[in-house]
Participant: 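Starting off with a structure, shown below.
Proteins come first, then strands; the chains are lettered A, B, ... in the order of their sequence lines, and each starts at number 1. Fair warning: this is a prediction, and the values are worked out from it, not measured in the lab.
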2 protein chains.
Amino acid sequence: MKLKSELPACPVATTVQLIGSKWKLLILRNLLARPWRFNELQKNLEGISQKVLTDSLRSMEADGIVTRTVYPEVPPRVEYSLSELGESMRPIIASMEQWGIAYKKSLNKE
Amino acid sequence: MKLKSELPACPVATTVQLIGSKWKLLILRNLLARPWRFNELQKNLEGISQKVLTDSLRSMEADGIVTRTVYPEVPPRVEYSLSELGESMRPIIASMEQWGIAYKKSLNKE
DNA sequence: CGGGATCCTCGGAGATACTG
DNA sequence: CAGTATCTCCGAGGATCCCG
């Protein structure tokens, strides 16, 4: 989805701009469970490239959804967790998940 | 958002595939209130092109979210309304709308 | 009025190589 | 381990013209 192009300033559009890109929802879904490390996320999200994972995390960090914690250790360790704002998106993910499940059931009936 | 590329088969991703494209959520938002005619939608969704509106409506119709009703009159009249499946997405839109409102408030505080 | 057909743009997404 | 730096590709989205 093009995030840069103009959309009506309605709350729904605002929400989509923050989490509508291809992988963000899946990242968010993982982070809702617990904090994750970079490589850990990359392994779990099979198919995502380093660049896209980085871009997505940076973008979500800039939007205040994700918190990035760097541990000054050797080897380096970076953990990504949800901010309070990110945590507040749980109901959205939950409703989308429930709807997705119901949708798949309706497909099987046909 | 690229809808054609592969995504994990999780319910959240399924939902995004159906309504994650740029205008679909806004169309859905309108249709949740009442049925709309083609030109009516185009005027309301300022900035949308005919092609994109057509493509979006056709796609949503194919997904079973939108119902297209043609009235055999002169001049032709076509109405778009929500199917039962589309109507069932109301909670998702509502939660996204509420979150969007809360997000804007949090921006003003900074 | 409600599109169909055609052509084009732009940026999200991906692949690859390299680094503190 | 967790990135950065380039290059490339592709398709959603857009513009324009035409039609039953």
Participant: Are A:Trp36 and D:dC1 close enough that a side-chain N or O sits under 4.0 Å from OP1 or OP2?
Facilitator: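 No, because none of the side-chain N or O atoms of A:Trp36 sits under 4.0 Å from OP1 or OP2 of D:dC1.
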
Participant: Nearest whole Å is fine: how far is C:dC1 P from B:Glu73 CD?
Facilitator: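 Spelled out: CD on B:Glu73 to P on C:dC1 is 13 Å.
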
Participant: Taking the side chain as every heavy atom from C-beta outward, state whether B:Val78 and B:Arg68 have any pair of such atoms under 4.5 Å apart.
Facilitator: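 Sidechains of B:Arg68 and B:Val78: in contact.
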
Participant: Residues in side-chain hydrogen bond (donor to acceptor under 3.5 Å, both in side chains) with B:Glu84, at least two apart?
Facilitator: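 B:Glu84: no side-chain hydrogen bond (donor to acceptor under 3.5 Å, both in side chains) contacts found.
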
Participant: Atom CZ of A:Arg68 and atom C1' of D:dT4: how far apart are they, to the nearest Å?
Facilitator: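 One finds 12 Å between C1' of D:dT4 and CZ of A:Arg68, rounded.
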
Participant: Using atom CG of A:Leu41 as one end and atom C1' of D:dC1 as the other, report the distance to the nearest whole Å.
Facilitator: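 So the CG-C1' distance, A:Leu41 to D:dC1, works out to 13 Å.
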
Participant: Any idea which of D:dA15, C:dG14, D:dT4 is nearest the A:Trp23 side chain?
Facilitator: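 Between D:dA15, C:dG14, D:dT4, the one nearest the side chain of A:Trp23 would be C:dG14.
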
Participant: How many Å lie between CD on B:Glu40 and P on C:dG2, as a whole number?
Facilitator: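 Computing the B:Glu40:CD to C:dG2:P distance gives 9 Å.
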
Participant: Return whichever of A:Pro76 or A:Asp55 has its heavy-atom-nearest nucleotide of DNA chain C closer to the 5' end.
Facilitator: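 Per heavy-atom nearest nucleotide, the more 5' residue is A:Asp55.
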
Participant: Considering only heavy atoms from C-beta outward, does the side chain of B:Leu26 approach that of A:Cys10 to under 4.5 Å?
Facilitator: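 B:Leu26 reaches A:Cys10 side chain to side chain.
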
Participant: What's the closest nucleotide to the A:Val52 side chain, out of C:dG3, C:dG14, D:dT4?
Facilitator: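 Selected nucleotide: C:dG14.
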
Participant: Please classify the nucleic acid contact of B:Tyr80 as base, sugar-phosphate, or nothing, using heavy-atom distances under 4.0 Å.
Facilitator: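 Touches sugar-phosphate only.
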
Participant: Without decimals, in angstroms, what is the distance between A:Gln50 CD and D:dC7 C1'?
Facilitator: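 Going from CD in A:Gln50 over to C1' in D:dC7 covers 16 Å.
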
Participant: Round to a whole Å and report the spacing from CG of A:Leu25 to C1' of C:dA13.
Facilitator: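 To the nearest whole Å, that distance equals 16 Å.
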
Participant: Measuring from the side chain of A:Phe38 (C-beta onward, heavy atoms only), which nucleotide among D:dC1, D:dG14, D:dG3 has the closest atom?
Facilitator: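 Between D:dC1, D:dG14, D:dG3, the one nearest the side chain of A:Phe38 would be D:dG3.
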
Participant: Compare side-chain N and O positions of A:Arg37 against OP1 and OP2 of D:dC1 and report whether any pair is under 4.0 Å apart.
Facilitator: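 So the side-chain polar atoms of A:Arg37 never come under 4.0 Å of the phosphate oxygens OP1 or OP2 of D:dC1.
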
Participant: What nucleotide, of C:dG4, D:dG3, D:dA2, holds the atom closest to the side chain of B:Arg58?
Facilitator: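 Nearest to the side chain of B:Arg58 among the choices is C:dG4.
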
Participant: Can a donor-acceptor pair be found, under 3.5 Å and without considering hydrogens, that links the side chain of A:Trp36 to the backbone of A:Asn30?
Facilitator: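 A pair under 3.5 Å: yes.
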
Participant: Working to the nearest 0.5 Å, report the span between OG of A:Ser95 and CE of B:Met96.
Facilitator: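 Answer rounded to 0.5 Å: 8.5 Å.
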
Participant: Kindly say if A:Arg77 contacts the phosphate of D:dG3, meaning a side-chain N or O under 4.0 Å from OP1 or OP2.
Facilitator: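 False: A:Arg77 side-chain N/O out of range (4.0 Å or more) of D:dG3 OP1/OP2.
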
Participant: Do A:Lys51 and D:dG3 share a donor-acceptor pair, side chain to base, under 3.5 Å?
Facilitator: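 Check fails, no donor-acceptor contact within cut-off.
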
Participant: When the distance from NZ of A:Lys43 to P of D:dG3 is rounded to whole Å, what number comes out?
Facilitator: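 Rounding to the nearest Å, NZ of A:Lys43 and P of D:dG3 are 15 Å apart.
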
Participant: Give the rounded distance in Å between these two atoms: CG of A:Leu45 and P of C:dA13.
Facilitator: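 Taking atom P of C:dA13 as the reference, CG of A:Leu45 is at 13 Å.
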
